[in-house]
There are 2 protein chains.
Amino acid sequence: MQIYANNPNHKTWLEVEENSDFPIQNIPFGIAKVGDKPPFVATRIGDAVINLYALAKMTAFDSLPFDVETLNRDNLNDLIAEGKGITLGIRDLVSQLFNIQNPVIRDNPFLQMGILHEAKDVTMLLPVKIGDYTDFYSSREHATNVGMMFRDPKNALLPNWLHIPVGYHGRSSSILVSGTNIIRPKGQTLPKEGEPPVFGASARLDFELEMAFIVGKNTQLGDSIKANEAENYIFGLTLFNDWSARDIQQWEYVPLGPFLGKNFASTMSPWVVMIEALDGARVAQPTQEPQPLPYLQTTGDKNYNIALEVDIVPENGAATTVCKSNFQYMYWSMSQQLAHHTVNGCNVRIGDVCASGTISGKDENSYGSMLELAWKGTKPLKMADGTERKFINDNDTVTMRGWATTQEGIRIGFGEAVGKVLPATDL
Amino acid sequence: MQIYANNPNHKTWLEVEENSDFPIQNIPFGIAKVGDKPPFVATRIGDAVINLYALAKMTAFDSLPFDVETLNRDNLNDLIAEGKGITLGIRDLVSQLFNIQNPVIRDNPFLQMGILHEAKDVTMLLPVKIGDYTDFYSSREHATNVGMMFRDPKNALLPNWLHIPVGYHGRSSSILVSGTNIIRPKGQTLPKEGEPPVFGASARLDFELEMAFIVGKNTQLGDSIKANEAENYIFGLTLFNDWSARDIQQWEYVPLGPFLGKNFASTMSPWVVMIEALDGARVAQPTQEPQPLPYLQTTGDKNYNIALEVDIVPENGAATTVCKSNFQYMYWSMSQQLAHHTVNGCNVRIGDVCASGTISGKDENSYGSMLELAWKGTKPLKMADGTERKFINDNDTVTMRGWATTQEGIRIGFGEAVGKVLPATDL
């Protein structure tokens with residue numbers, strides 16, 4: 001499919017700063033709210049948030065056969081259900097309407113008033129209603145680091161890891177939009193092997209730098225998605241912070257996996273970037289040896305060059321960038337994850353979220369969690385304000401940023417996934 | 001709260017067979033559908049399915065301050081959200097309306113026509129819209145059996161098991177109402193240690209005999225439910241078959257827990273029995289040694305005497321009862337499960353499902369899975385038709401039944417959770 005909106009030569013009449021995440025080639029989808037008015041489906045160009053429902057009401061999308069009331073919702077699910085023909089069509093029409101040469105809105109301040117908001121005046125909501133949330137574990141470097149720390153350094157990767165995009169089900173009720181505060185979780189931990197567990201606030205609260213994709217098409221129970229067709233089932237991507245309480249996780253996770261160590265909160269960035277907008281940022285994935293089973297094999301580039309950064313900002317302190325990673329490091333691609341997820345006939349539904357697992361690279365500063373960056377607390381990180389961190393302190397804010405760079409040099413960004421940690425309550 | 005409907009001396013003018021699961025003291029809730037007409041909230045007495053929306057329309061519930069349109073839904077969530085004051089009130093009013101001495105409906109065949117259906121004429125739907133599904137692992141006998149088979153027979157229970165109601169998140173999209181066929185899952189398995197994995201249909205398809213409770217009240221993120229108050233957050237219970245592909249599960253589950261080995265299907269019985277209807281069946285739970293941490297301690301009897309049975313019915317064959325267990329064997333109570341689930345601040349929502357984990361007892365015929373009953377395939381079970389089973393064959397039907405018995409000898413039953421296994425497709 002040729003997508004008009006991806007044209008690297010497009011310019012817009014809206015003001016867009018040079019390093020903006022939201023050039024006219026991005027056109028992501030989100031749910032915005034202004035004051036007490038009802039939420040609406042929105043997109044963003046530069047610092048302008050564009051009300052797509054209002055655009056529809058002024059007949060902007062009349063050439064597309066869909067129910068415009070799907071833009072008058074507090075989540076994207078119904079719009080996504082209209083199919084890629086519609087959502088890509090909307091993206092193309094928006095790209096045309098805001099093209100520098102198009103006078104329709106450009107020269108009509110009255111129209112602009114009903115459609116455009118400054119980003120600072122808008123509250124963004126969680127973009128989708130999430131049915132099921134799956135978290136993968138697809139960075140080889142991350143799995144290796146964890147294996148070295150907690151299991152056998154010489155056999156850090158478990159036997160199944162190179163054959164299976166290992167994943168598990170997480171909690172959908174506690175996925176939060178960027179900006180929502182995180183309450184430090186309480187729980188059982190085992191301070192010392194052989195002694196009884198104790199109860200208290202987690203002392204090892206961590207972030208996990210991840211990306212998430214949002215399912216764009218339902219399957220029926222019994223259906224399996226072919227790896228090479230899997231991207232047709234992906235609507236778009238967001239940043240994702242899979243907050244983790246390492247001490248709670250460590251005591252609980254054998255044999256059934258993470259539970260309370262993870263399900264207290266995850267933070268999602270509000271703008272869903274369509275996978276088609278990232279087409280120019282495709283790259284090859286790392287060589288897979290041994291070759292995966294046929295149902296996991298794909299042709300063409302299925303990874304994406306998306307630079308990722310994590311900042312820690314202490315209360316009233318300056319930001320320290322603690323991690324620089326890239327989504328292209330993933331050993332298992334999203335296509336392989338989705339093919340694996342459904343190979344047993346498991347059904348997926350529009351709005352389901354699949355997160356990548358922590359995205360770590362080879363360099364020590366590319367590790368996607370404090371667990372790895374401070375190597376289980378043995379190498380504390382120096383902050384800009386002179387303090388040190390082994391894990392995340394109360395009142396720290398963790399900010400994740402990410403942006404793809406296309407072959408033509410266009411930056412397709414994701415904005416931010418931000419969460420501030422509040423102290424545990426009622427202890 | 002004194003609940004009129006629980007009165008053991010009530011009799012109804014409806015016909016109720018002696019061993020019915022649905023005496024007038026039960027009055028469960030479910031979603032029923034007759035032909036092509038819209039689904040409605042229903043209850044059941046004997047073999048009569050009662051349309052509660054139709055009852056409401058004839059003013060039966062006018063004394064209760066709630067939105068009767070919550071009975072005109074394809075799931076119970078909105079009704080449950082009205083609160084126990086309403087749902088218990090409806091239950092009491094139904095109990096009065098169908099009391100043997102009440103002539104209002106009894107003597108009015110015209111009224112009956114709009115309200116009553118024979119169970120055989122009704123299709124039951126999944127009773128709730130499920131947000132998140134959690135599966136616990138709370139039977140000591142089951143955890144011990146699994147530990148003996150797959151880990152160390154001398155240290156079968158893992159170190160955390162006696163301290164934590166271990167649980168994990170499962171898949172909500174593939175929870176199916178009783179009667180839905182199950183397609184045998186495909187996937188990766190490791191036939192022989194050290195050799196490469198292979199792809200194919202699961203050869204070790206199993207059932208897991210469980211019960212599930214349905215959350216009846218929302219909490220906010222950061223809230224923790226106190227163990228002694230947890231039953232206020234439980235709307236009711238169903239039977240639950242957590243279908244499991246043992247060969248897929250075994251290869252995938254370390255370190256993040258079960259995924260494709262479980263998420264292809266779970267079967268739920270359609271009638272939700274309110275926890276208050278089970279009040280007369282309370283029993284003490286097994287002695288807990290070591291004593292759990294304070295947030296897991298409860299007073300009073302928090303387990304329930306619910307007899308459980310599993311039948312296997314081969315295609316065109318006779319039923320063989322392969323398991324007789326009881327929900328009272330659970331080491332960790334539902335109250336403890338819910339207190340643990342939320343102790344870290346994880347929020348729960350109306351309609352969330354928490355399953356018990358496989359319910360095994362001490363006797364070999366009380367084990368709640370084929371894995372244990374046939375002891376990893378080493379002791380095949382004899383079927384009534386002369387065949388043997390190590391696991392579940394294609395075209396076998398697995399039927400679970402359960403019924404509480406109150407101290408006054410009243411049977412409060414759950415009906416059935418039935419699933420037939422169809423062969424794997426597209427191999």
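Residue numbers start from 1 in every chain, and the chains themselves are labelled A, B, ... in the order their sequence lines are given, proteins ahead of strands. No experiment lies behind these values; they were computed from the predicted model shown.
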Heavy-atom donor-acceptor pair, [X] side chain to [Y] backbone, under 3.5 Å:
X	Y	value
A:E252	B:I164	no
B:N344	A:P185	no
B:D132	A:S172	yes
A:N160	B:W251	yes

Part of [X] lying under 4.5 Å from any heavy atom of chain A:
X	value
B:L162	neither
B:L260	both
B:S202	neither
B:V146	neither
B:R151	side chain
B:K262	neither
B:S224	side chain
B:L422	neither

**OP:** Could you check which of A:A143, A:G170, A:P258 has the highest count of heavy-atom pairs closer than 4.5 Å to chain B?
**Re:**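 Most pairs with chain B among the choices: A:G170.
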Considering only heavy atoms and a distance below 4.5 Å, find which of [options] pairs most often with chain A.
options	answer
B:Y295, B:W161, B:Y133, B:Y253	B:Y295
B:P197, B:G131, B:G187, B:P294	B:P197
B:S174, B:G222, B:G167, B:G345	B:G167

For [X] against [Y], the heavy-atom pair lying closest together:
X	Y	value
A:I183	B:L221	CD1-O, 4.0 Å
B:L256	A:Y168	O-CB, 3.4 Å
A:R171	B:R349	NH2-N, 4.4 Å

Original post:
Atom CZ of B:F264 and atom OG1 of A:T342: how far apart are they, to the nearest 0.5 Å?
Top reply: 14.5 Å
Original post:
Is any side-chain heavy atom of B:N263 less than 4.5 Å from a side-chain heavy atom of A:H341?
Top reply: yes
Original post:
Is there a side-chain contact between A:P255 and B:Y137 (heavy atoms, below 4.5 Å)?
Top reply: yes
Original post:
Without hydrogens or angle criteria, can the side chains of B:N347 and A:S173 be said to hold a donor-acceptor pair below 3.5 Å?
Top reply: yes
**OP:** Please work out whether the ring planes of B:H340 and A:F259 are parallel, tilted or perpendicular, with thresholds of 30° and 60°.
**Re:**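 Geometry flag for A:F259 against B:H340: tilted rings.
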**OP:** Give a yes or no on this: more than 12 heavy atoms of other residues, nucleotides or ligands lie within 6.0 Å of atom CZ of A:R246.
**Re:** yes
Original post:
Counting only heavy atoms not in A:K226, do more than 12 fall under 6.0 Å of its NZ?
Top reply: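 Result for NZ/A:K226: open.
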[X] versus chain B, the contacting section by heavy-atom distance below 4.5 Å:
X	result
A:L176	side chain
A:D135	neither
A:F150	neither

